[in-house]
Structures are given as structure tokens and as C-alpha cells.
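Since the structure comes first, as C-alpha cells, the remarks are kept for the end.
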Number of protein chains: 2
Amino acid sequence: MLKRTAFVGGDSGSWSVLSVRPVVGQSLDHVSHVDVRPTADLASRGADVWVLEGQASNLRYATRDELTTLRSKQEPLGRPHARRAAMIPIKKTAAWWEMAQDERRAIFEETSQHTAIGLKYLPAIARQLYHCRDLGQPFDFVTWFEYAADDAGAFEDLVASLRATREWQFVEREVDIRLERQP
Amino acid sequence: MLKRTAFVGGDSGSWSVLSVRPVVGQSLDHVSHVDVRPTADLASRGADVWVLEGQASNLRYATRDELTTLRSKQEPLGRPHARRAAMIPIKKTAAWWEMAQDERRAIFEETSQHTAIGLKYLPAIARQLYHCRDLGQPFDFVTWFEYAADDAGAFEDLVASLRATREWQFVEREVDIRLERQP
């Protein structure tokens with residue numbers, strides 16, 4: 001069975017928050033730390049300000065060729081030198097979810113080149129997508145990125161490229177949280 | 001936000017159980033009734049034998065043409081004359097989930113004609129798919145079908161056709177529960 005991940009914003013955790021910025025729609029409350037845990041460990045939640053849950057799951061758009069290329073280049077989360085992270089929760093519009101699979105795929109890749117853009121920044125920028133919509137969460141996805149401080153400029157290019165795509169016209173809420181790994 | 005549905009097997013509920021049959025792998029315990037409720041209403045669970053949760057969500061394979069055809073022909077659950085139901089929880093293999101989207105789509109429709117087979121039985125047999133995998137459930141899907149007693153033979157044809165497809169070679173657990181609406 002798949003195991004859920006919880007992103008816990010509060011006053012403690014393995015990542016210190018550098019900034020919390022609303023990109024579209026309502027922000028999340030500012031917190032000093034984010035902790036990333038298996039949902040099963042959500043025991044003491046006294047000082048937590050917010051908790052978002054997500055599920056790492058199968059990819060919904062990538063073709064075999066894209067998947068093979070991605071897997072040959074991408075690196076996992078948790079690399080010791082990757083001390084910076086970005087946590088980007090996103091909610092897409094009802095119009096996005098009412099589209100058929102071929103319509104969503106056409107916007108995601110043929111028009112917006114979502115996978116192709118991400119590939120340009122591999123292996124420097126590692127990423128993991130968590131699905132939240134089916135869990136009844138306020139966001140549809142959380143994407144977690146990790147990179148070295150030296151690659152922070154490249155990361156800005158990556159998110160700017162994605163936000164300029166047609167796919168992003170279907171984003172109705174987005175928060176951008178930047179983090180630094182605790183020593 | 002999406003709202004989850006719970007399928008509660010026990011000694012009471014709006015559907016009486018006619019049979020519980022394992023198709024592949026382990027069965028579910030026999031119960032006399034199944035109740036279908038919003039997950040939020042899972043208050044008193046004293047006499048419940050099992051609870052499966054699912055999420056009605058966006059379709060993952062249908063193209064725009066298929067979706068338009070489906071919506072022009074399909075009828076909703078809850079039709080008063082549709083007094084029979086089938087609840088079919090299914091779990092697919094790890095090999096299925098490791099495939100890319102285009103590989104899964106090719107088996108689902110181009111090879112197995114999953115949507116095309118279902119279309120032949122519309123509007124007589126209404127269906128609703130619930131996604132369970134991302135919820136960490138023991139099954140990946142629950143499909144709920146409703147039809148009139150006179151269409152029970154057609155329903156047998158429908159499930160036999162689906163079980164004969166290549167897609168079904170990726171099913172590692174399937175239980176077939178037949179039900180009758182309480183008067």
C-alpha cells in the first residue's frame with residue numbers, strides 16, 4: 001500500500017523557512033520551519049500551524065520515452081549537498097479537471113513542455129511530486145525541489161519558465177515556500 | 001475539495017448482499033449488507049466488518065471524443081428501477097503502475113477497449129469509478145454498477161468481456177459483490 005507524506009509547518013522541523021510567498025490566490029501562514037514526515041507519524045501536533053498531505057504516486061502524463069529519459073538523469077531527494085529546497089503547493093482550476101486526458105496531456109507537454117523544461121535542469125534540481133487532490137486536500141499537488149545553493153539561479157529560471165506556460169493559466173492557487181536544510 | 005465515499009460491509013445498510021465472490025486473490029469477508037456513505041459519516045462502526053474508501057475523481061484515460069460519447073449516453077447512479085448493483089474492488093499489479101501513461105492507455109483502450117466495452121451497455125448499466133490507491137487502501141479501485149434485474153444477463157456479458165482483456169492480466173486481486181437495493 002502507498003504511504004502518505006505530511007508537510008508540517010510550525011516552529012520546528014528539519015527545514016528552516018527562508019520565505020513564504022503567495023504566487024496566485026491565498027498564501028499559507030508564515031512559519032519558521034517545515035518538517036516532512038510519513039503521515040503515520042502525525043502524533044504531537046501542538047505547535048503546528050498547517051499540515052498538507054500528499055501521496056507520491058504513478059506519473060499521469062509521461063510517456064515511456066520521457067520516463068526513460070527522466071530516470072536516466074534525475075537524482076533522488078536527500079543529497080547532502082542539496083541544502084536548499086522549494087515546496088510549491090498548487091491547485092488547478094475546475095476547468096483543468098473537467099478536461100479529458102488527451103486535452104490535459106496536450107497542454108501539459110505538447111504546448112507547455114512541462115517535462116522538457118524540468119529535464120533541462122537535471123540532475124542539479126531534484127524533484128518529487130505529491131498528489132493531494134484525491135485526499136481531499138486544499139491543494140491538488142505539492143512539488144518538493146532540492147538543489148545546491150549554487151543552483152538557486154537555475155531554479156529561478158525553472159519556475160519562471162513553468163509559470164510562463166499555458167498550463168499555468170489553469171493554476172488558481174500557488175504558494176512558493178523556500179527552505180534551507182537545518183545543519 | 002473532493003469528498004470521499006465509504007463502502008461499509010456489515011449487518012445493516014441500504015443494500016443487501018446477494019453474493020461475495022473472490023475473482024482473483026483474497027476475498028473480502030462475507031457480510032449481509034453494504035452501506036455507501038460520505039466518509040465524514042463514519043461515526044458508529046461497531047458492527048462493521050470492513051470499510052473501503054474511494055474517491056470519485058477525474059478520468060485518467062478517456063479522450064475528449066470518448067468522454068463526450070460517454071456523457072451523452074450514461075445515466076447516474078440512484079435510478080429507482082435499478083435495484084441491482086455490483087461492487088467490484090480491484091487491485092492491479094506493480095507492473096501496471098510502473099508503466100508510463102502511454103503504455104497504460106494503449107493496454108486500457110487500444111488493446112482492451114475498456115471504454116468501448118462499457119459503452120455497449122449504456123444506458124442500461126450505470127457505473128461510477130472510485131479511486132482508492134492514493135488513499136493507501138488495500139484496493140486500487142472500487143467500481144459500483146447499477147442496473148435493473150432484467151439487465152442482469154447483460155451485466156454478466158459486460159464483466160466477462162472485461163475479464164477477458166489484456167488489461168485484466170494486470171489485476172492481482174478482484175472481489176465481486178452483488179447486491180439488491182433494500183425496499
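A note on names: the letters A, B, ... follow the listed sequences, proteins ahead of strands, and every chain is numbered from 1. We use all heavy atoms of the structure for the numbers below, so side chains are in, but hydrogens, waters and symmetry mates are not.
One hydrophobic cluster, built from ILVMFWY side chains closer than 4.5 Å, holds both A:Ile88 and A:Ile117. Connection of B:Leu77 to B:Leu52 is established within a shared hydrophobic cluster, with ILVMFWY side chains joined at heavy-atom distances below 4.5 Å, either directly or through further cluster members. A continuous path of hydrophobic side-chain contacts links B:Leu28 to B:Val31 [ILVMFWY only; heavy atoms under 4.5 Å]. Residues A:Phe108 and A:Phe170 fall within the same hydrophobic cluster, defined by Ile, Leu, Val, Met, Phe, Trp and Tyr side chains chained together at heavy-atom separations under 4.5 Å. Using a 4.5 Å cut-off between side-chain heavy atoms of Ile, Leu, Val, Met, Phe, Trp and Tyr, with links allowed through other members, A:Met87 and A:Leu129 fall into different hydrophobic clusters.
Of the residues considered (B:Gln55, B:His131, B:Met99, B:Arg60), B:Arg60 shows the highest number of contacts with chain A, using heavy-atom pairs under 4.5 Å. Annotation: maximal heavy-atom pairing with chain B below 4.5 Å, among A:Arg4, A:Glu66, A:Lys91, occurs at A:Arg4.
The interface of residues 136-148 of chain A with chain B, defined by heavy-atom distances below 4.5 Å, comprises A:Gly136, A:Gln137, A:Pro138.
Counting all heavy atoms, side chain and backbone alike, A:Ala100 lies closest to B:Ala62 at CB-O, 3.3 Å. Considering every non-hydrogen atom in both B:Glu98 and A:Arg71, the closest pair reads O-NH1, 4.3 Å.
With A:Asp102 contributing its side chain and B:Arg64 its backbone, the two residues share a donor-acceptor pair below 3.5 Å.
Contacts between A:Leu135 and chain B at a heavy-atom distance below 4.5 Å involve backbone atoms as well as side-chain atoms. Only the side chain of A:Arg104 comes within contact range of chain B, with heavy atoms under 4.5 Å apart.
In this structure the side chain of B:Thr63 never reaches within 4.5 angstrom of the side chain of A:Glu103, judged on heavy atoms. Residues B:Gln101 and A:Arg105 form no side-chain contact, since every pair of their non-hydrogen atoms from C-beta on lies 4.5 Å or further apart.
Within a 6.0 Å sphere centred on CD of A:Gln26, other residues, nucleotides and ligands contribute 12 heavy atoms or fewer.
A salt bridge does not link B:Asp134 with A:Lys3: none of the charged nitrogens is closer than 4.0 Å to a carboxylate oxygen.
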